[in-house]
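Predicted, not measured: the structure shown is a model, and the values here were computed from it. Index from 1, following the sequence.
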Amino acid sequence: MTKYIFVTGGVTSSLGKGIISASLAKLLQARGYRVTIQKFDPYINIDPGTLNPYEHGECYVTEDGAETDLDLGHYERFLNTPTSQANNITTGRIYQNVINKERAGDYLGKTVQVVPHITDEIKRNMRILGESGDYDIVITEIGGTVGDIESLPFVEAVRQFKWEEGANNAIVIHLTLVPYLAAAGELKTKPTQHSVKALLEYGIQPDILVCRTEHHISPDIRKKIALFCNVNVNAVIESIDASSIYSVPLLMMKEQLDKTVLSKLKLPTKNEPDMESWKDFLGRLKNPTADVKIGLVGKYVELPDAYKSITEAFIHAGAKNECKVRVEYIPSESIYDDNVKEKLGHLQGVLVAPGFGSRGIEGKITAIKYVRENEIPFFGICLGMQCAVIEYGRNVLGLTNANTTEIDENSKHPVINMMEEQKNITLKGGTMRLGAYPCDIKKGTKAFAAYGKQHITERHRHRYEFNSSYLKQYEDAGMTASGINPDSKLVEIIELKNHPFFVGGQFHPELKSTVANPHPLFVKFVAAAMERTKKKTN
Ligand code: GLN
């Protein structure tokens, strides 16, 4: 029988519910349990696919092509198991399902209401992964902060769910803040007390409190929180600020969060979590023997969350190479011919980011010309790869004004154009080429050296593609298509022969990089950046 853990948040947003959920899941997985995490988001968009990255950070794409919240990226990076559409549900999706059922006459003339119809639909979705039989434990993170109007139906659904499943089968972990008041020189428990009170008003007694704090919480304060919030003292868990999100599982292990959870769920605690490989990763992460600076050229760089998976993939690849990767975020619009050297000349590698629309695209192309000509390692992702194709077309093949039809519909040289299957699509949500597709890697290429195999799959999120009618011209001029989709024949990877590292992927490799499996292209890219440092110092 599947057990359920709900994670709610109080006091303020951004306390790191996603990281706490992922850390707990990691510890339970390391004890041998089959665990998954799902996130319920209170906003009305059907999914975050249509959201501007400035609104919501990166849109994370799953194997099955769902456009989801970036917390799912953390779940995958920590657990090394794929998530799916079922792992991310929004208010919009819940209402859409209910309204569709209403239109189909499923409610038999009844008045359709938030309680019970919306809450029932939420509970049905909360159970989908559990009922698959694939998991011993399902962790459900409730987005937003308790007390928000929009998260109310979710909180009510949790209350009902807990009542239906029974105390030993469903528990609630509430994440709160214990702020430090410098003037008073004290940690304050009142916000936690109030936030638990808010939960109690909705009929939920939390089982465990995870307290975010900048300072250690003394036994006295733990006791005070326990007494006033009606939980056991060992159910007050300190979550102190950490230098890396990857340290949090070990901090939670020290606090025995996993053990407390298991005893509440009446599950055996005999095996200690096996965190050896995780500790090995942390050791390499925290004791680098080299250092590189890599530029991330993109249009959303003011909000690093917009490139979350890329940043994390650099951390994984850095640890693998025992190298500290310093990512410098560079707005693509700020790059011109006359300042490109000053912007990029000091870097050991440049990654040109994914993106949509025309803003900043010429800056990306200028950056690519510079790194190509100066042999600085280059990695292009999705739009970044498309820009590399445009740059090579314009400056090497002499295709004047070569472009993507995303920017110039009437381009004389549409070296990137819209995919056939996309041409008649007018609706925006969930309509791109999304999710995992196979790719065949050509032997003897840099891509093959990275993957070490011929058949791979990678995840996609795009509407445009390399225009194959130009392929021969490109290959004759030294740009190789080193990865091809075996079914559609779409070009998935391009690279240059005569360059230390110049690789672009139409897919998003960052989405598949995990602590246990750093992505091979990122690993090779960082290695190439390290080589460049060596060459320069020699
Ligand atoms: N805008 C480009 C396309 O739709 C690239 C998308 C991306 O970078 N994810 O093809």
Side-chain angles (χ1 to χ4, degrees), residues 297 332 350-358 360-373 375 378-425 432-433 437-448 456 458 460-499 501-509 521:
V297 175
S332 41
V350 168
L351 183 146
V352 176
F356 295 84
S358 61
I361 206 161
E362 291 300 326
K364 287 182 171 175
I365 293 169
T366 306
I368 294 168
K369 177 168 189 276
Y370 180 81
V371 297
R372 179 176 58 74
E373 291 176 347
E375 303 204 333
F378 162 79
F379 192 15
I381 298 183
C382 207
L383 182 62
M385 171 268 200
Q386 297 175 352
C387 287
V389 172
I390 296 169
E391 191 279 320
Y392 210 70
R394 287 184 191 173
N395 300 321
V396 179
L397 273 59
L399 305 172
T400 319
N401 296 331
N403 217 330
T404 158
T405 53
E406 182 176 4
I407 310 299
D408 178 5
E409 249 181 281
N410 305 313
S411 172
K412 229 175 85 199
H413 292 294
V415 292
I416 303 290
N417 64 1
M418 190 176 266
M419 282 176 281
E420 260 331 296
E421 73 225 41
Q422 288 285 325
K423 286 190 175 151
N424 297 320
I425 296 176
M432 280 185 254
R433 181 176 183 235
Y437 285 91
C439 172
D440 283 355
I441 309 284
K442 211 178 263 170
K443 284 194 178 148
T445 60
K446 290 194 178 75
F448 193 84
I456 58 147
E458 290 284 1
H460 295 253
R461 184 173 189 245
H462 64 122
R463 294 192 176 89
Y464 298 83
E465 57 160 330
F466 184 100
N467 181 347
S468 294
S469 57
Y470 287 92
L471 184 55
K472 187 162 175 345
Q473 267 189 75
Y474 274 82
E475 297 220 288
D476 290 347
M479 184 175 268
T480 313
S482 51
I484 302 269
N485 178 305
D487 311 315
S488 63
K489 307 293 175 217
L490 293 184
V491 172
E492 306 284 27
I493 309 178
I494 53 99
E495 60 181 77
L496 289 183
K497 280 194 204 112
N498 301 319
H499 191 286
F501 190 95
F502 190 104
V503 178
Q506 183 54 75
F507 46 79
H508 291 266
L521 289 176

Gly504 to Met385 - nearest heavy-atom pair and separation: C-CG, 3.5 Å
Less than 4.5 Å apart, side chain to side chain, heavy atoms only: is that true for Gln386 and Gln506? yes
Pairs in or reaching into residues 402-418: which pass side-chain hydrogen bond (donor to acceptor under 3.5 Å, both in side chains), with residues at least two apart or in two chains? His413-Tyr470
What closest approach, in Å, do Met419 and Tyr464 show between heavy atoms, and which atom pair accounts for it? CE-N, 3.9 Å
State the CD1-CD1 distance between Ile416 and Ile390, to the nearest 0.5 angstrom. 5.5 Å
Determine yes or no for a side-chain-to-main-chain donor-acceptor pair under 3.5 angstrom, with Lys443 supplying the side chain and Phe448 the backbone. no
Side chain to side chain contact (heavy atoms under 4.5 Å, CB included) evaluation trace for Ile361 with Leu383: CA-CA 9 Å; Ile361 206 161; Leu383 182 62; 3.9 Å; yes
Once rounded to the nearest 0.5 Å, what's the spacing between atom CD of Glu492 and atom CG of Asp440? 10.0 Å
With a 6.0 Å cut-off (strictly less than), is the heavy-atom count around CG of Asp487, excluding the residue itself, greater than 12? yes
Do Met432 and Phe356 have side chains that get closer than 4.5 Å, going by heavy atoms? yes
Do Leu399 and Gln473 have side chains that get closer than 4.5 Å, going by heavy atoms? yes
CD1 of Ile493 to CG of Asn485, rounded to nearest 0.5 Å, is 11.5 Å
Test: Glu362 and Arg394 ion pair at under 4.0 Å: yes
Option passing side chain to side chain contact (heavy atoms under 4.5 Å, CB included) with His460 (candidates His508, Glu465, Arg433): Arg433
Do Tyr392 and Tyr474 make a side-chain contact, defined as non-hydrogen atoms from C-beta onward lying under 4.5 Å apart? yes
Which value, rounded to the nearest 0.5 Å, describes the distance between Phe501 atom CZ and Leu496 atom CG? 11.0 Å
Under a 4.5 Å cut-off applied to non-hydrogen side-chain atoms, are Val350 and Tyr370 in contact? no
Considering only heavy atoms from C-beta outward, does the side chain of Val297 approach that of Ile368 to under 4.5 Å? no
Side chains of Ser482 and Glu495 in contact at under 4.5 Å (non-hydrogen atoms): yes
Phe466 CZ to Leu471 CG distance, which is reported to the nearest 0.5 Å: 5.0 Å
Search all heavy atoms of Ala477 against all heavy atoms of Leu397 and return the closest pair with its distance. CB-CD1, 3.5 Å
So, do Asn395 and Arg372 sit near enough that their side-chain heavy atoms are less than 4.5 Å apart? yes
For Ala388 versus Ile494, what's the shortest heavy-atom pair and its separation? CB-CD1, 4.2 Å
With rounding to the nearest 0.5 Å, note down the distance linking CD in Glu421 to CG in Leu490. 7.0 Å
Search all heavy atoms of Ala353 against all heavy atoms of Lys364 and return the closest pair with its distance. O-NZ, 3.1 Å
Do Lys472 side-chain atoms and Ser469 backbone N/O form a donor-acceptor pair below 3.5 Å? no
Might you point out which heavy atoms bring His462 and Cys382 nearest each other, and give the distance in Å? CB-SG, 3.8 Å
